[in-house]
Amino acid sequence: MRTRFKEHLSQRFPFIKGKRILLAISGGMDSVVLGDLCQNSELDFALAHCNFSLREKESDEDEIFVRNLGEKWGKTVFVKKFDTQKIAAEIKCSIQVTARELRYEWFEMLAEQSNFDYIFTAHQTDDNLETFLINTLRGTGLEGLTGIPEINGKILRPLLPFSRKEIEFYAKLHKISWREDSSNASSKYLRNKMRHQVIPILKKENPDLLESFKKTQDHLQDSSDLLIEYQSVLLREIVEEKGEVLEFNIQKIQEKLNPKAVLYYLLKDFGFTAWEDIHTLLTSQTGKIIFSPSHRLLKNRGMLVLSKNSSEESENKEVVIQEFNSEIHFELGQLLFESAQKYQKSGKDQIYVDKNSINFPLKLRKWKESDYFYPFGMDGKKKLSNYLKDEKFSLFDKEKIWVLTSEEKIVWIVGQRADERFRINSENSNILRILFLPKSRIPVPLI
């Protein structure tokens, strides 16, 4: 197995040569064998052990075992103790998920702080099969069926080609001792049920189960690779980036053989799970919206518009301009105020007003349903909400509308339209130019 391990490292992970490795070790059979293999492969590695304080004396004995192992191998040992039950209760999450998150967060931090290039974990083929079956029960997508990734950023899993049986044989052959986790025998956890009850039956039916499983996963991974390539084609054909939002062309989605699958692969990285509702969105009325924890998807005529969720803090923000100022920063960019010698044509990015017609303090704020204004070049007033509707602004577009006001009167719908009441009426007017500079056009200072 030592020869196979070295060959596997050179074929699959040639880039680790001369690199510093942080080896995650629990004290159990798999991680101890991985440590022994790394030691015999003369890798530059240190040990990282998590004491989750879940089995009282046993957890502490595991820690002592790992420390002794590090001393035996002449390796540095890092240990982190967690009050896992308390943390799980605070964040309202299961013990298993909490321990996993704590473990990987600490490994990443430790690797960053102590300049380790990669992190080794001791997942093997049986772990992969258990994960596959658990994900199948939960109705996972293709990503869940391709199993535990061998390479995931800095995290590498060099034992994945080896079975639990092979690892145990190696440990006994070389008289390697390890710690048994008593919780692994409990049927309380789904993974243990798979390990002790389900998989033995499957192996009895098919003695070559692990080999068959490896072939199946190879086929699934090939399919996944093709889909990733096709996803880039879909992005170019269907999606257009407009500022901070993405627009998905509904007609082009519906022309595909399986629009539901197309939606899944275009949107799966944005936290959505209600795929039936998202599919229904294609034929819904304009204005319907679906939320994920991080994003919103809006039906707006012939488009699905994707945007990050807005925050209440942003929605309630207001800028008070106490006196003439040359530069005002706000959520969308900057407003620049400057005196002008003569009037030029107003537009979406600039307006000219009679300075004597405005009174400080000015306010720069989000628009409200009760707002109305006198559109420049038109007679009479109009509700701002009706103006935005007539101009076919989407819900997300409306969230980005700010108004500049003087004594609660709208001077400018910033970046859109000025108010007739503040126009230049004579050549003798004291002319003020107000320029809107969106974030995308703000010059980056030279350093």
Side-chain angles (χ1 to χ4, degrees), residues 24-35 49-63 65-66 82-89 91-104 106-107 120-140 143-150 152 155 157 159-172 176-214 216-217:
I25 184 164
S26 65
M29 179 180 70
D30 297 340
S31 60
V32 173
V33 165
L34 177 58
H49 175 75
C50 295
N51 183 339
F52 292 112
S53 308
L54 293 172
R55 293 175 289 115
E56 300 178 350
K57 186 180 177 182
E58 275 188 53
S59 294
D60 293 334
E61 288 174 349
D62 290 347
E63 177 183 327
F65 175 82
V66 170
F82 298 98
D83 190 343
T84 313
Q85 287 185 322
K86 181 181 177 182
I87 297 171
I91 65 175
K92 297 179 181 178
C93 197
S94 72
I95 294 290
Q96 283 185 309
V97 172
T98 301
R100 184 185 186 281
E101 293 300 320
L102 291 172
R103 177 167 63 243
Y104 281 106
W106 180 56
F107 291 159
F120 275 11
T121 69
H123 294 91
Q124 31 81 351
T125 299
D126 290 77
D127 294 325
N128 214 356
L129 176 59
E130 290 160 12
T131 300
F132 174 88
L133 292 173
I134 290 170
N135 287 342
T136 301
L137 284 180
R138 291 172 177 168
T140 186
E143 292 86 353
L145 298 181
T146 52
I148 303 170
E150 203 168 30
N152 186 12
I155 299 172
R157 300 180 171 99
L159 280 189
L160 273 183
F162 301 92
S163 69
R164 184 173 288 120
K165 186 176 181 180
E166 289 176 291
I167 292 169
E168 185 176 3
F169 178 81
Y170 175 89
K172 290 179 177 177
I176 296 172
S177 60
W178 66 87
R179 294 280 300 169
E180 288 287 356
D181 185 340
S182 60
S183 66
N184 286 338
S186 170
S187 59
K188 175 182 175 182
Y189 302 112
L190 178 57
R191 182 172 293 275
N192 288 348
K193 289 180 182 178
M194 287 291 176
R195 181 176 302 171
H196 301 303
Q197 299 173 26
V198 177
I199 292 177
I201 295 174
L202 295 176
K203 285 183 176 179
K204 187 175 180 180
E205 291 296 319
N206 178 10
D208 297 323
L209 175 66
L210 290 180
E211 286 303 315
S212 299
F213 167 65
K214 286 180 185 177
T216 298
Q217 277 214 317

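Values in this document were obtained by computation on a predicted structure and should not be read as measured data.
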Any non-hydrogen side-chain atom of [X] less than 4.5 Å from a side-chain atom of [Y]?
{"X": "Asn152", "Y": "Arg157", "result": "yes"}
{"X": "Ile176", "Y": "Tyr170", "result": "yes"}
{"X": "Phe65", "Y": "Glu61", "result": "no"}
{"X": "Ile155", "Y": "Tyr104", "result": "yes"}
{"X": "Leu190", "Y": "Arg138", "result": "yes"}

Out of curiosity, [X] [atom1] to [Y] [atom2], how far, rounded to the nearest 0.5 Å?
{"X": "Leu160", "Y": "Thr121", "atom1": "CG", "atom2": "OG1", "value": "7.5 Å"}
{"X": "Ser31", "Y": "Trp178", "atom1": "OG", "atom2": "CH2", "value": "11.5 Å"}
{"X": "Leu129", "Y": "Ile199", "atom1": "CG", "atom2": "CD1", "value": "4.0 Å"}
{"X": "Asp30", "Y": "Ile167", "atom1": "CG", "atom2": "CD1", "value": "4.5 Å"}
{"X": "Arg100", "Y": "Thr98", "atom1": "CZ", "atom2": "OG1", "value": "12.0 Å"}
{"X": "Leu145", "Y": "Thr216", "atom1": "CG", "atom2": "OG1", "value": "10.5 Å"}

Query raised in the report: Any side-chain donor-acceptor pair under 3.5 Å between Ser26 and Arg179?
Result: no
Looking only at heavy atoms, the pair that brings Asn206 and Ser212 closest together is ND2-OG, 3.3 Å
* Asked: Which heavy atom of Ala88 sits nearest a heavy atom of Ser94, and at what distance?
  ->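 So the two residues come closest at CB-O, 4.2 Å.
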Determine whether a donor-acceptor pair (N or O, by modelled atom type, separation under 3.5 Å) exists between the side chain of [X] and the backbone of [Y].
{"X": "Lys214", "Y": "Pro161", "value": "yes"}
{"X": "Gln124", "Y": "Asp127", "value": "yes"}
{"X": "Asn51", "Y": "Glu63", "value": "no"}
{"X": "His49", "Y": "Val66", "value": "no"}

Apply side chain to side chain contact (heavy atoms under 4.5 Å, CB included) to residues Phe213 and Gln217 and explain how you reach the verdict. CA-CA 6 Å; Phe213 167 65; Gln217 277 214 317; 3.3 Å; yes
* **Leu137 and Met194: CA distance, side-chain angles, deciding distance, side chain to side chain contact (heavy atoms under 4.5 Å, CB included) verdict** => CA-CA 11 Å; Leu137 284 180; Met194 287 291 176; 3.0 Å; yes
Using a strict 4.0 Å threshold on nitrogen-to-oxygen distance, state whether Glu168 and Arg164 make a salt bridge.
-> no
Does the plane of the ring in Phe82 sit parallel, tilted or perpendicular to the ring in Phe52? Use 30° and 60° as the thresholds. parallel
- Task: Apply side chain to side chain donor-acceptor pair (under 3.5 Å) to Glu166 and Ser163, showing your working.
- Result: CA-CA 5 Å; Glu166 289 176 291; Ser163 69; 3.3 Å; yes
**Prompt:** With Asp126, which of Lys203, Lys165, Arg195 fulfils salt bridge (Lys or Arg N to Asp or Glu O under 4.0 Å)?
**Reply:**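 When Lys203, Lys165, Arg195 are each tested with Asp126, the salt bridge (Lys or Arg N to Asp or Glu O under 4.0 Å) holds only for Lys203.
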### Task
I would like to know whether Phe162 and Thr125 meet side chain to side chain contact (heavy atoms under 4.5 Å, CB included); could you show each step before the answer?
CA-CA 6 Å; Phe162 301 92; Thr125 299; 5.5 Å; no
